[in-house]
Amino acid sequence: MKLILKKYLPFAILGLAFTSCEPEFDTSIEDNPITSSKGTADFSKYVAVGNSLTAGFADGALYIDGQQNSLSALLANQMKAAGGGEFTIPLMNDNIGGFADIPNFGPRRVFDVASGLPVLLEGTPTTNALDVQTGPFNNMGVPGAKSFHLFAPGYGNPANLSSGTANPYFVRMASRPDATLLEDALSQEPTFFSYWLGNNDILGFATSGGDSSEEITAVELFTQTVQGGLAQLSADGTRPGIVANIPDIKTVPFFTTVPNNALVLDAEQAANLTGFFRAYAGIVTQGVVLTATMGNPSLATPALLQQANAIGSQYAFTFNPGPNRFIIKVEETLTNPRGIRQMTAEELLVLTINQNALRTEGYGSVAITPDVLGVLGKLQAGGTPTQEEAQSVLNAVNPIADNDALDTGELLAITEATNTFNAIITQTAEAFNLAVVDVKSVLEELQSGIDLGNGNIVSSALGLNSAFSLDGVHLNPRGNAELANRFIKAINETYGSTLKTLDAGNFQTVKAQ
């Protein structure tokens with residue numbers, strides 16, 4: 001029996017062409033004349049509280065261009081025309097991104113025209129996390145921050161970096177080692193604020209494939225921190241501000257770019273892979289019988305044989321010419337002792353999965369060796385493999401690991417948490433008379449594309465017209481500009497202001513090298 005040795009995955013993460021126009025404001029923050037009205041709001045001291053989405057994190061790193069084109073910076077620019085004041089940012093030292101004194105932070109990604117793929121920018125970061133900047137800073141977006149980090153003492157203490165209880169981005173900008181993020185925001189006596197926290201309370205679980213390295217924040221803790229944070233930021237409903245909700249991860253390209261049915265086979269390959277799993281199912285069935293009868297299959301009862309066949313037959317996967325879904329690792333149970341199955345249509349793969357392994361190493365299907373081929377030939381000829389040979393066939397299956405995929409149960413937990421957290425955010429914001437922007441709906445719109453005018457369509461798909469940066473999670477300047485317009489609309493509707501919107505089409509999408 002001839003088995004396939006190579007899988008072909010004809011999907012492309014990115015398109016073949018990108019634009020790289022430089023970001024530009026309609027007018028600079030400094031020179032923007034007062035041409036808009038503030039309504040009942042007061043934009044003279046705007047403070048933005050949030051995480052990486054507020055900070056301007058993009059392309060897998062925090063760097064100057066991303067910070068200057070962050071959602072909060074774009075909003076501050078438009079507020080300037082309605083009496084807004086200076087908007088200070090804890091700028092990184094360079095456009096490389098990341099830290100020189102902490103490993104695995106940066107550099108950022110750029111689009112490599114030659115390979116057609118995102119690559120790490122060549123260069124060494126020059127920013128040190130321990131080089132504390134002099135604030136205060138209006139942009140209080142801290143990459144990695146969860147809702148409860150707003151109240152966490154020591155979150156900016158450099159002594160806590162080794163234990164993982166401090167955040168290097170906040171270490172660099174905190175007013176003092178024991179200051180909390182909320183304290184540093186309130187100490188500026190803001191007249192207007194934005195609050196966008198909660199994404200990371202779910203996102204860490206999702207980007208790790210639900211592998212238990214990070215958990216979804218408990219509802220009780222999330223409720224306490226959102227209610228407590230907005231109570232203080234809004235001065236119990238007397239200070240104006242705007243609050244954003246949490247997107248559905250199924251609208252974020254980090255989870256939608258790599259399709260789970262990219263195991264594309266021709267007719268011969270499909271037949272061979274189907275045949276392999278018929279043999280695999282037979283080995284599992286025989287193993288169940290041998291285990292139950294202490295190695296003496298003659299003792300098997302009809303009921304036991306029926307049970308063994310039911311267990312083994314679930315692994316007799318059928319493959320067809322064309323796209324097929326990958327094999328995924330799941331929990332081992334009495335009814336699924338091998339802990340594998342094919343993915344369902346709704347399940348997702350993460351962008352960081354080893355795509356070369358998917359293409360060439362049988363990741364997500366079978367990694368065939370000459371020894372395994374020999375055992376399969378023996379089976380085809382009617383021979384009985386040894387226990388060691390049978391085990392080599394079982395070991396040839398190379399399922400996608402938990403941290404590379406989100407299965408049905410994990411997706412259900414994420415959806416339930418997203419809906420629950422968004423209800424808490426919206427109800428709390430409304431209780432304190434705050435504007436609310438439905439970011440979840442905006443990202444849903446991006447799936448089918450948003451017309452920015454003049455035929456300029458921006459979408460969530462990574463590529464020429466993407467609203468997302470190359471990390472597949474954070475927006476690029478064009479995406480931030482479109483989202484800023486939704487914030488502006490909600491602010492104007494709530495407070496009667498007339499902030500001008502941005503021409504989002506004038507902002508860059510993906511930068512190439």
TODO: Identify whether the distance between the nearest side-chain nitrogen and carboxylate oxygen of Glu347 and Arg341 falls below 4.0 Å.
DONE: yes
Quick one, [X] and [Y] - any side-chain contact, counting heavy atoms below 4.5 Å?
X	Y	value
Val330	Ile328	yes
Leu411	Ile249	yes
Asn51	Leu197	yes
Val171	Asn157	no
Phe277	Val366	yes
Thr207	Val350	no

Does the [X] side chain pair with the main chain of [Y], one donor and one acceptor, at a distance under 3.5 Å?
X	Y	answer
Asn160	Gly154	yes
Asn354	Asn356	yes
Thr251	Asp248	yes
Asn476	Gly479	yes
Asn324	Gly322	yes
Gln314	Ile311	yes
Thr426	Ala423	no
Asn336	Glu332	no
Gln227	Gln224	no
Ser392	Glu389	yes

Between [X] and [Y], a side-chain donor and acceptor under 3.5 Å:
X	Y	value
Asp371	Thr369	no
Asn245	Asp438	yes
Arg278	Ser313	no

Open item on the list: Pair Asn403, Lys329 - check side-chain contact (heavy atoms from CB on, under 4.5 Å), show working.
Closed with: CA-CA 10 Å; Asn403 63 322; Lys329 180 66 178 174; over 6 Å; no
Open item on the list: As an exercise, state the distance from OG1 of Thr418 to CG of Asn199, rounded to the nearest 0.5 Å.
Closed with: 9.0 Å
Open item on the list: Show me the pairs that pass side-chain hydrogen bond (donor to acceptor under 3.5 Å, both in side chains) and involve residues 142-156, at least two apart or across chains.
Closed with: Lys146-Glu214, Ser147-Asp201, Ser147-Thr225, His149-Tyr155, Tyr155-Asn167
- [ ] Could I get the full list of salt bridge (Lys or Arg N to Asp or Glu O under 4.0 Å) partners for Glu445, not counting sequence neighbours?
- [x] Arg486
Task: Gln391 atom CD, neighbour heavy-atom count above 12 within 6.0 Å - done: yes
For [X], enumerate each residue passing the side-chain hydrogen bond (donor to acceptor under 3.5 Å, both in side chains) test, keeping only those at least two apart in sequence or located in another chain.
X	value
Asn465	none
Asn480	none
Ser466	none
Asn260	Arg325

Open item on the list: Ring-plane angle category for Phe319 and Phe317, please: parallel below 30°, perpendicular beyond 60°, tilted otherwise.
Closed with: perpendicular
Open item on the list: The test is ring pair (Phe, Tyr, Trp, His ring centres under 6.0 Å); show your working for Phe57 and Tyr63 and say whether it passes.
Closed with: CA-CA 7 Å; Phe57 195 99; Tyr63 59 97; 8.5 Å; no
Task: Closest heavy-atom pair and its distance - Ile102, Ala129 - done: CD1-CB, 3.6 Å
Task: Stepwise ring pair (Phe, Tyr, Trp, His ring centres under 6.0 Å) test for Tyr363 and Phe326 - done: CA-CA 8 Å; Tyr363 188 37; Phe326 292 112; 8.1 Å; no
Task: Name of the residue among Ser469, Ser70, Ser52 meeting side-chain hydrogen bond (donor to acceptor under 3.5 Å, both in side chains) with His474 - done: Ser52
